[in-house]
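Labels below follow one simple rule: chain letters A, B, ... track the order of the sequence lines, proteins then strands, and each chain is numbered from 1. Just so it is clear, the structure is predicted and the values come from calculations on it, not from any experiment.
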Amino acid sequence: MWFELRARPLPWRENRDAYRIWISEVMLQQTQVATVIPYFHRFVERYRSLLELADADEHEVLQLWEGLGYYRRARDLLKAAGQLRDAGFDTIPNDEDLVRALPGFGRYTTNAVLSQAYDARLPILEANSTRLLCRLFGIDGDPKITANQRRLWHLAELLLPRNKSGAFNQSLMELGALVCKPTAPACSECPLKRRCVACLQGRQAEIPQHSKSAAMTKLSEVAVVITNGDRVLLVQRPPIGRWANLWEFPHGPNSDGETHELAAARLLEVLGIRGAVETEITTLRHSVTRYRITLTGLHIAYLNGTLDSTLYPNHAWVQLAELTNYPLSAPQRRLAEALGGACHGP
DNA sequence: AAATCGGGGCC
DNA sequence: GGCCCAGATTT
């Protein structure tokens, strides 16, 4: 009843179209409601139904997705739509096992879509309901650890009412988003205040406990060293992009007057690579092209230092000592160790 | 169990 | 600048 009174009039709540609910749920993964709303409008206006989406051009879908991030979500959306169309469906069917097997449908999204569209009696657990349940039941420790995940999913299932499970699931999230907020929860207006362990004990600020992230050493600049046998290449980290075998370059010619397509080709040539590497070129924004380079059999190390150009072919003089203190991920560390002293120069 | 994928909002 | 957000997939 709290939900019926206080629920926000969100665009995907206008009806119970499983297609629209699906799009909204995927967009909402790791993305806040306010951010999603304009994207949702544009998307469902361009592709009004599952069948329209199934026939869509991937490049166009990705363009509509620009700014949301996690572009795999958009690709999986298209894949799933195609699979459903090929199987003869014109919308998301009310079939848990079938839907769960589609790309992009994990436990949360499957249950969220089917409960909202069809009142399927399936529990959900996400950021808002996690916070709410942790406080309500006084669950200590990091909610992300496996044991607590199991407890929380179990609770979500236990609490699920016989009917109207869709509204119930959404009310958990809505209450978490509007009242049981991460900081400064509005406990005075919470319908659960008399049954909430955290509220009764005044421990709202301590629950849920957030895991302490690893200490990070600050970097002014970062570079990458790639070796293939006796060939070594030093590449400056691009201004955007993350730790991975991934670089992004702006469109158009670089400072040396060569196109970045050519620069990428030169990079591969410097490394003496033919078949071992594939490049995948995607246009994300109009200003950025992404090159995914699969570095099979190559060694990569990451290191500190300031560089002033994008590509430095054949630089073997970089000191790996500069690697110190940066908390490399496990695969990065393995690569760095495998590289060993190969980069020690004069 | 851990790593990866991102961009925007907020304190 | 660090943390958070309607997670899924891969290893």
Side chain of [X] - closest among [options]:
X       : options                 : result
R72(A)  : dG6(B), dT9(C), dA6(C)  : dT9(C)
P182(A) : dA8(C), dA6(C), dC5(C)  : dC5(C)
L28(A)  : dT9(C), dC4(C), dA6(C)  : dA6(C)
R131(A) : dC5(C), dG6(B), dT10(C) : dC5(C)
T109(A) : dT9(C), dA1(B), dA8(C)  : dA8(C)

Original post:
Quick check, are the ring centers of F105(A) and W22(A) under 6.0 angstrom apart?
Top reply: yes
Looking across every strand, which nucleic acid part, if any, lies under 4.0 Å from [X] by heavy atom: base, sugar-phosphate, or nothing?
X       : value
T146(A) : sugar-phosphate
L10(A)  : base
A112(A) : nothing
W65(A)  : nothing
R13(A)  : base

Subject >> salt_bridge(R85(A), D55(A)) N-O dist < 4.0 Å >> reply: yes
Original post:
Salt-bridged, E60(A) to R46(A), with N to O below 4.0 Å?
Top reply: yes
**OP:** Using atom types as modelled and distance alone, determine if a side-chain donor or acceptor of D76(A) lies under 3.5 Å from a backbone N or O of P103(A).
**Re:** no
Rounded [atom1] spacing from [N] to [M] in Å:
N      : M       : atom1 : value
dC3(C) : dG6(B)  : C1'   : 15 Å
dG9(B) : dA8(C)  : C1'   : 23 Å
dC5(B) : dC5(C)  : C1'   : 14 Å
dA6(C) : dC11(B) : P     : 14 Å

Subject >> Atom CZ of R8(A) with >12 non-hydrogen neighbours under 6.0 angstrom >> reply: yes
Between [atom2] on [N] and [atom1] on [X], what's the gap in Å once rounded to a whole number?
X       : N      : atom1 : atom2 : value
Q209(A) : dC4(C) : CD    : P     : 12 Å
Y70(A)  : dT9(C) : OH    : P     : 14 Å
L78(A)  : dA8(C) : CG    : C1'   : 17 Å
Y71(A)  : dG8(B) : OH    : C1'   : 11 Å
W22(A)  : dG7(C) : CH2   : P     : 17 Å
Q30(A)  : dC4(C) : CD    : P     : 12 Å
D76(A)  : dT9(C) : CG    : P     : 6 Å
L62(A)  : dG7(B) : CG    : P     : 13 Å

**OP:** On DNA chain B, check which nucleotide each of A147(A) and T35(A) is closest to and give me the residue with the more 5' one.
**Re:** A147(A)
Subject >> Whichever of L68(A) and Q32(A) has its nearest DNA chain B nucleotide further upstream toward 5' >> reply: L68(A)
Subject >> Donor-acceptor pair under 3.5 Å, T31(A) side chain vs dG6(B) base >> reply: yes
**OP:** To the nearest 0.5 Å, tell me how far L28(A) CG sits from I21(A) CD1.
**Re:** 11.5 Å
**OP:** Could you say whether L102(A) or N128(A) is positioned toward the 5' end of DNA chain C, judged by the nucleotide with the nearest heavy atom to each?
**Re:** N128(A)
